[in-house]
Amino acid sequence: MMDSFILAALAVCSLTAPTCGDKGTSKARSCSDIRQFYSGKGFALDGVPQSEISGEHLRICPQGYTCCTSDMEDNLAVLSRREMEGLLKEAGRSLQTSLTGQYKVFDGYFLELLNRSAISLQETFTRTWGLLYSQNSQVFSDLYTDLRHYYRGSNINLEEVLNEFWARLLEKLFYQANKQYFIGEDYLECVSKQIETLRPFGDTPRAMKMMVTRTFVAARSFVQGLMVSGEVVRKVSQVQLSLECMRAMMRMTYCPHCRGMASARPCANYCSNVMKGCLANQADLNTEWRHLAETMMQVAGRFDGPSGVDDVVLSIPSRIAEAMFTMMENMHSINSKLFQVCGNIREGGASSTGNDDIMKRGKVRVDDRLATSSNKMDKLVSDVTVSLRDMQPYWVSLPSVLCSDRVATGSGAEDKCWNGMNRARYLPEVMGDGLASQINNPEVEIDITKPDMTIRQQIMQLKIMTHRLKNALNGQDVDFQDASDDASGSGSGMCADNVCSRGPRLIAPVTDRPTLYPYLPENKKVKSSAASHNLPCIAMYLLPLLILLLRR
């Protein structure tokens, strides 16, 4: 009988062997590793345990035996958020640098073209017409000044600029061609008003207006798109991560250290869910970000080839020269029509007509020097297209990029990685991208009815910029104000993917208890084992008592 009880007691002990600490594990484990790690992060070691303590006080990490106090847990949680925000800013700076580089290259090249065009006109017209040009050079320099200001974003109507240029040029040429007459300001004003009826410059003003407007509208909207893109990245990269994200980052990053598993790396799918939850609002930029990049690539495609930027900008002097010569050739008939409309003018000026002097000099030959530009524009368009294509998936690829260097890899990684509670396989499915997809995220608690307003405002900026670029593709002028101020706050009330129609989601209040995973009875078993490790086997206490009872 006694032998039966002894065998039964031994059997009970053998079944509970994992919880019966042997000679090597009966003592609490040392916390020397985390003390060194914690100190290396810049924290003081005051109050840090020398050996493991019971973890009922933990509010984020699993509550098994631990080397972390509540203060340590709080400090490491704040550190995890700060480090993640630093990584996001660094990633954003990298993209900003790319966009800024593209902006500088295109902006510098476009202004170089404009300067070359202005210098070409000045040199050629001075060489051909000498004093005639120098006395009227302000008309041409004002045109280029207005074109630069327009490109830079000034509130200038480009068509009015070009109309004003041709009207002033008509006045100057009429005056120079009719030096034998006394011509007053009132008469010149009448002359300029007849430009549409007379069409003294032939078809050049209309053709030039169409090409210059299309080119400058596209160029201005393109550089504006690059600037807006960079500004969106800067602002979104500075958005502070939520408290719920901080808790999730702490559980993934530093809770293994508190459990004495410093070498444990997060499971890949576990890290994906944490990052997708933390960056849910950022992922909602994806659709409009892609639309903007696609439209900018279409605009960039217009800069190359026939009637591209080089051809239009560098051909401005030759087009103006051709228009001027057309007027001089037809000056006799032009004068007759003007005298009928504006009245006759009396002679008394120079002995010869200025038109004779102009016609003697012949046509102006302008060297457009297009050959030296085409290869550079080809490369510019190619480079910017590659850059824009590469940046398209940026916002939805962030979670995988940020997880790539930290998740467990290699043989057996899926079974030995950190899943938020212990070293074990991670079973929940990976969430989709964006705020609406996080409604059942097991790692980050999110109210999907409350999107981040800063990010929603930036989504609106992307929409506005894309609309402007699409107008530019059609040659339609757009009003450029400071894009950062447009429709501020207009993101409020926006609903992604009809989320608002579902009604508000009930959010449970945050408690001090760790997250309970619905999938792992084995995790609970591990946790129970961790909480009771180093405790003597109950059966060993019962065995002497059974022997005494049987002897009685």
Side-chain angles (χ1 to χ4, degrees), residues 114 117-150 156-179 181 183-213 215-216 312-339 341-342 345 349 353-366 368:
L114 205 52
S117 180
I119 291 170
S120 176
L121 184 145
Q122 181 181 15
E123 290 177 349
T124 307
F125 282 27
T126 298
R127 184 173 59 250
T128 304
W129 286 323
L131 188 62
L132 174 65
Y133 167 73
S134 61
Q135 289 177 341
N136 300 284
S137 62
Q138 192 67 37
V139 177
F140 305 97
S141 62
D142 284 349
L143 171 64
Y144 279 97
T145 298
D146 286 338
L147 291 176
R148 286 190 192 91
H149 286 165
Y150 175 84
I156 294 175
N157 186 305
L158 192 54
E159 290 195 11
E160 288 182 4
V161 164
L162 293 171
N163 290 339
E164 176 68 14
F165 164 74
W166 292 113
R168 289 179 64 193
L169 185 59
L170 172 59
E171 291 181 14
K172 297 293 185 182
L173 291 180
F174 178 80
Y175 182 83
Q176 292 292 335
N178 294 282
K179 284 186 174 181
Y181 299 107
I183 304 174
E185 290 295 327
D186 292 342
Y187 198 91
L188 288 177
E189 184 177 349
C190 177
V191 168
S192 65
K193 289 179 179 179
Q194 310 310 313
I195 191 167
E196 290 295 330
T197 305
L198 291 174
R199 299 184 68 240
F201 301 112
D203 196 48
T204 299
R206 186 196 63 81
M208 184 171 150
K209 180 191 295 185
M210 182 180 67
M211 287 188 293
V212 168
T213 299
T215 298
F216 277 75
V312 171
V313 176
L314 293 180
S315 67
I316 289 175
S318 60
R319 292 179 186 280
I320 293 174
E322 183 69 29
M324 291 170 63
F325 196 80
T326 297
M327 177 175 171
M328 293 305 173
E329 280 186 318
N330 299 295
M331 184 56 69
H332 180 72
S333 63
I334 290 172
N335 276 351
S336 298
K337 293 175 182 177
L338 287 174
F339 293 161
V341 176
C342 298
I345 44 180
T353 67
N355 193 50
D356 294 336
D357 296 335
I358 295 172
M359 294 302 293
K360 284 177 186 177
R361 298 174 186 265
K363 283 191 175 184
V364 176
R365 301 295 179 185
V366 182
D368 292 340

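At a threshold of 4.5 Å between non-hydrogen side-chain atoms, the residues K172 and Q135 do not count as touching. Contact of the F339 side chain with the Y181 side chain is registered, since non-hydrogen atoms from C-beta on lie closer than 4.5 Å. Using a 4.5 Å heavy-atom threshold, the side chains of S117 and L121 count as separate. For the pair M324/F125, a side-chain contact is recorded, criterion being any heavy-atom separation below 4.5 Å from C-beta on. Two residues are said to be in side-chain contact when any heavy atoms from C-beta on lie closer than 4.5 Å; Q122 and Y133 meet this criterion. Between L162 and D146 the shortest side-chain heavy-atom distance does not fall below 4.5 Å. Between I320 and T204, the closest side-chain pair of non-hydrogen atoms is not below 4.5 Å.
R168 CZ to N163 CG: the interatomic distance, rounded to the nearest 0.5 Å, is 13.5 Å. Rounded to the nearest 0.5 Å, atoms CE (M211) and CD1 (I316) are 9.0 Å apart. Taken to the nearest 0.5 Å, the SG atom of C342 stands 7.5 Å off from the CZ atom of F174. From Q176, atom CD reaches atom CG of N136 across 5.0 Å, with rounding to the nearest 0.5 Å. Within the model, atoms OG1 of T215 and CE of M210 stand 9.5 Å from one another, a figure rounded to the nearest 0.5 Å.
Note on K193 versus E189: salt bridge recorded, some NZ/NE/NH1/NH2 to OD/OE distance being below 4.0 Å.
Pairs engaging residues 195-209 under the salt bridge (charged side-chain N to carboxylate O under 4.0 Å, His left out) rule: R199-D203, D203-R206 [sequence neighbours left out].
Contacts of Q138 classified as side chain to side chain donor-acceptor pair (under 3.5 Å), with partners at least two apart in sequence or in another chain: D142. Residues meeting the side-chain contact (heavy atoms from CB on, under 4.5 Å) test with S134, sequence neighbours left out: L131. In this structure, the side chain to side chain donor-acceptor pair (under 3.5 Å) partners of E171, at least two apart in sequence or on a different chain, are S192. Partners of Y175 by side-chain contact (heavy atoms from CB on, under 4.5 Å), not counting sequence neighbours, listed by chain and number: I183, L188. For K337, there are no salt bridge (charged side-chain N to carboxylate O under 4.0 Å, His left out) partners at least two apart in sequence or on another chain. Legend: residues meeting ring pair (Phe, Tyr, Trp, His ring centres under 6.0 Å) with Y144, ordered by chain and number and at least two apart, are absent. T326 pairs by the side-chain contact (heavy atoms from CB on, under 4.5 Å) definition with E322, N330, not counting sequence neighbours. When the side chain to side chain donor-acceptor pair (under 3.5 Å) test is applied to N335, the partners found at least two apart in sequence or on another chain are N178. For E164, there are no salt bridge (charged side-chain N to carboxylate O under 4.0 Å, His left out) partners two or more places apart in sequence or in a different chain. Every ring pair (Phe, Tyr, Trp, His ring centres under 6.0 Å) that F216 has, sequence neighbours left out, goes to F110. Partners of P205 according to the side-chain contact (heavy atoms from CB on, under 4.5 Å) rule, which considers only residues two or more places apart in sequence or in another chain, are W166, F201.
For L173 against M331, the heavy-atom pair with the smallest separation is O-CE, 4.4 Å. I334 and M327 get closest at one heavy-atom pair: CD1-O, 3.7 Å.
For E160 (side chain) and I156 (main-chain N/O), no donor-acceptor pair under 3.5 Å exists by modelled atom type.
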L147 and V212: CA distance, side-chain angles, deciding distance, side-chain contact (heavy atoms from CB on, under 4.5 Å) verdict
CA-CA 9 Å; L147 291 176; V212 168; 4.1 Å; yes
